[in-house]
Amino acid sequence: MQETRASSGTVVIVGTGQGGFQVAASLREEGFDGRVLLVGDEPDLPYQRPPLSKAYLTGEADADLVRMRPETFFAEHGVELRAGEQVTRIDRAERQVVLASGKALPYDHLVLALGARNRPLPVPGADLDGVVQLRTLGEAEALRQRLDAAREAVVVGAGFIGLEFAAAASRGIPVTVIEATDRPMARAVSPAMSHFFRGAHERQGVRFAFGATVVRVLGTDGRASGVETADGRRFAADLVLVGIGVIPNAELAADAGLAVANGIVVDEHLQTSDPAISAIGDCAAHPSRFAPGAPVRIESVQNAVDHARCVAARLAGRPAPYASLPWFWSEQGKLKLQIAGLATPHERAVVRGDPAQEGKQDGKGGGFSVFCYSGGKLVGVESVNRPLDHVLARKLLTSGVTVTPEQAADRGFDLRSAGARPEKIR
Ligand code: FAD
């Protein structure tokens, strides 16, 4: 690794989201005594995105609850927060970033925590009033208000955000989810888990159209009134939520000549092709010991936070390669899905517990887990309402200890006896 010493000097962090905020906080925790500037184009104090499609949407959390820290935190920790400022250019030769206002901010080390943006729906009518996306606090606030007035919703895309929205919206209005593949969360979970969630949503009244592609949003007087799919079907809706994946915000890096391929390419220390610049979180494509081969780009809180901690430790003089196990969660109604490891692709999956019981009891059936195997090795564990399985799975996967499919399926087998090292799990 080429040295990127900045244990003093100025660190400029671009992006005030999950990763950017964490770099600033961790630099101070690590004892970094240089200048820390946190610059982002959103006007708000740094906030968490996960509640936006869950408790914030249902009104169970307000804006104060989703904020990372109160405003006083930043002055108290010597973090210069520049909210509402867009970085338009990186001047690598001069080691400075240029803001939309024309002002330049010099850096000794630059951290790009730029996140990702929602993929737009590429069909006629996508600009009609009532067609919305969900990423920012502002969008969540607007969506909450629209939901109060909406009569019927269509969700385009059965990914995590679409399904979390469907779970919340179907409490009050009919919801149809339109998905191009043949099952929900197809890119992220096993067929068994997709099957379970499909059933659970259907029991709450959510309708699905699989293998269907939206070709047009229908509208009258500038307002959405429904969508049409490629097979000619029409689905009425005055609210259309689009959740069809994201595009990493990598243009700033590409324009500056940094390596970019499905995100900003970084090494195992999360350094870009310029050793004075690191990239973390949703925008970074990094090597992972849990996914041998091509670099991975992971969209999760764990990934952003652990990347941030890794870079902060390096800048404070304690470098160590990034080695954290990926893990993720989603909440859909009363169901909490937790995923440890990278389970896709896998060749074999075994179920521990009884999904049918969980389904019947709507969250009171004791939960279940799906253990996923590739090349005979445990690579991922998906758990529903079964937090202990999740915690133990993280220990197993971090230690590289494999339980056999037979052991995993045997509810009498104690996962703790499998020999996972008692490493600290954050
Ligand atoms: P972000 O938090 O997106 O922050 C990037 C910031 O950089 C943004 O504020 C962006 O505006 C800013 N920026 C970009 N370009 C510039 C520029 N040129 N100048 C200045 N600022 C710029 N993950 C989970 O693990 N569990 C969940 O349940 C979950 N739920 C989610 C629900 C929703 C609705 C969303 C949208 C995401 C959810 N995620 C969840 C994903 C998680 O929030 C992200 O993976 C995480 O926020 C990534 O952090 P980040 O710092 O990489 O990017």
Side-chain angles (χ1 to χ4, degrees), residues 49-58 116-136 139-189 193-219 223-231 233-246 299 330-335 337:
R49 298 191 196 283
L52 302 184
S53 49
K54 308 175 184 73
Y56 187 81
L57 203 54
T58 55
R117 58 187 181 276
N118 290 333
R119 191 178 290 283
L121 184 65
V123 303
D127 55 349
L128 288 168
D129 186 32
V131 181
V132 296
Q133 299 237 0
L134 179 53
R135 177 146 291 265
T136 66
E139 286 166 345
E141 174 56 34
L143 182 54
R144 198 151 81 163
Q145 285 171 18
R146 280 186 187 275
L147 207 42
D148 284 342
R151 291 190 308 276
E152 197 160 359
V154 155
V155 176
V156 187
F160 292 113
I161 292 173
L163 292 181
E164 288 177 358
F165 169 82
S170 62
R171 290 172 170 198
I173 56 171
V175 177
T176 303
V177 179
I178 298 178
E179 165 60 40
T181 70
D182 60 354
R183 61 186 177 96
M185 301 177 284
R187 281 190 308 129
V189 302
M193 194 52 81
S194 290
H195 178 77
F196 172 78
F197 270 90
R198 176 181 178 165
H201 281 286
E202 284 176 341
R203 280 189 292 280
Q204 296 301 314
V206 174
R207 286 171 299 173
F208 285 97
F210 291 107
T213 312
V214 171
V215 290
R216 192 147 60 105
V217 181
L218 310 163
R223 285 197 49 81
S225 60
V227 301
E228 186 178 313
T229 50
D231 53 12
R233 281 184 289 171
R234 290 183 165 205
F235 300 86
D238 53 353
L239 181 59
V240 178
L241 179 95
V242 179
I244 54 172
V246 301
E299 296 149 24
S330 170
E331 286 158 31
Q332 298 172 29
K334 293 193 171 119
L335 300 170
L337 168 65

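When a residue number appears, it is its place in the shown sequence, counting from 1. Atoms considered below: every heavy atom in the structure, side chains included; atoms not considered: hydrogens, waters and symmetry mates.
To the nearest 0.5 angstrom, Leu239 atom CG is 6.0 Å from Leu143 atom CG. Separation of atoms CG (Leu134) and CD (Glu164) is listed at 9.0 Å; rounding is to 0.5 Å. Put simply, CZ on Arg183 and CZ on Arg198 are 12.0 Å apart, with the number rounded to the nearest 0.5 Å. Rounding to the nearest 0.5 Å places NE2 of His201 at 7.0 Å from CG of Leu335. Between atom CG of residue Leu241 and atom CD of residue Glu139 there is a gap of 9.5 Å, rounded to the nearest 0.5 Å. A distance of 10.5 Å separates CD of Glu141 from CG of Leu52, quoted to the nearest 0.5 Å.
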Under 3.5 Å, which donor-acceptor pairs do the side chains of residues 170-178 form with other protein atoms, sequence neighbours left out?
unit_1	atom_1	unit_2	atom_2	d
Ser170	OG	Ala166	O	2.8
Ser170	OG	Ala167	O	3.3
Thr176	OG1	Arg207	NH2	3.3

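Of the possible donor and acceptor atoms, one in the side chain of Arg49 sits under 3.5 Å from a partner among the backbone N and O of Arg135. Within the 3.5 Å criterion, the main-chain N or O of Gly211 finds no donor-acceptor partner in the side chain of Asp182. With hydrogens and angles ignored, the 3.5 Å screen pairs no side-chain donor or acceptor of Glu179 with any backbone N or O of Phe210.
In this structure the side chain of Phe235 never reaches within 4.5 angstrom of the side chain of Val214, judged on heavy atoms.
Counting non-hydrogen atoms of other residues, nucleotides and ligands closer than 6.0 Å to CZ of Arg151 gives a total of 12 or fewer.
Ser194 and Pro184 make their closest contact through OG-O, 2.5 Å (heavy atoms, listed as atom of the first residue, atom of the second, distance). Shortest non-hydrogen contact noted between Thr181 and Ala186 is OG1-CB, 3.5 Å. Across Met185 and Gly159, no two heavy atoms sit closer than the pair CG-C, 4.4 Å. Of all heavy-atom pairs between Ala224 and Leu128, the closest is N-CB, 3.9 Å. Scanning all heavy atoms of the two residues, the minimum distance from Ile244 to Val156 falls at CG2-O, 3.5 Å. The two atoms that bring Glu228 and Leu218 nearest to each other are OE1-CD2, 4.0 Å, heavy atoms only.
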Step-by-step side chain to side chain contact (heavy atoms under 4.5 Å, CB included) determination, Leu337 to Phe160: CA-CA 10 Å; Leu337 168 65; Phe160 292 113; 3.9 Å; yes
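Residues that satisfy the ring pair (Phe, Tyr, Trp, His ring centres under 6.0 Å) test with Tyr56, not counting sequence neighbours, are absent from this structure.
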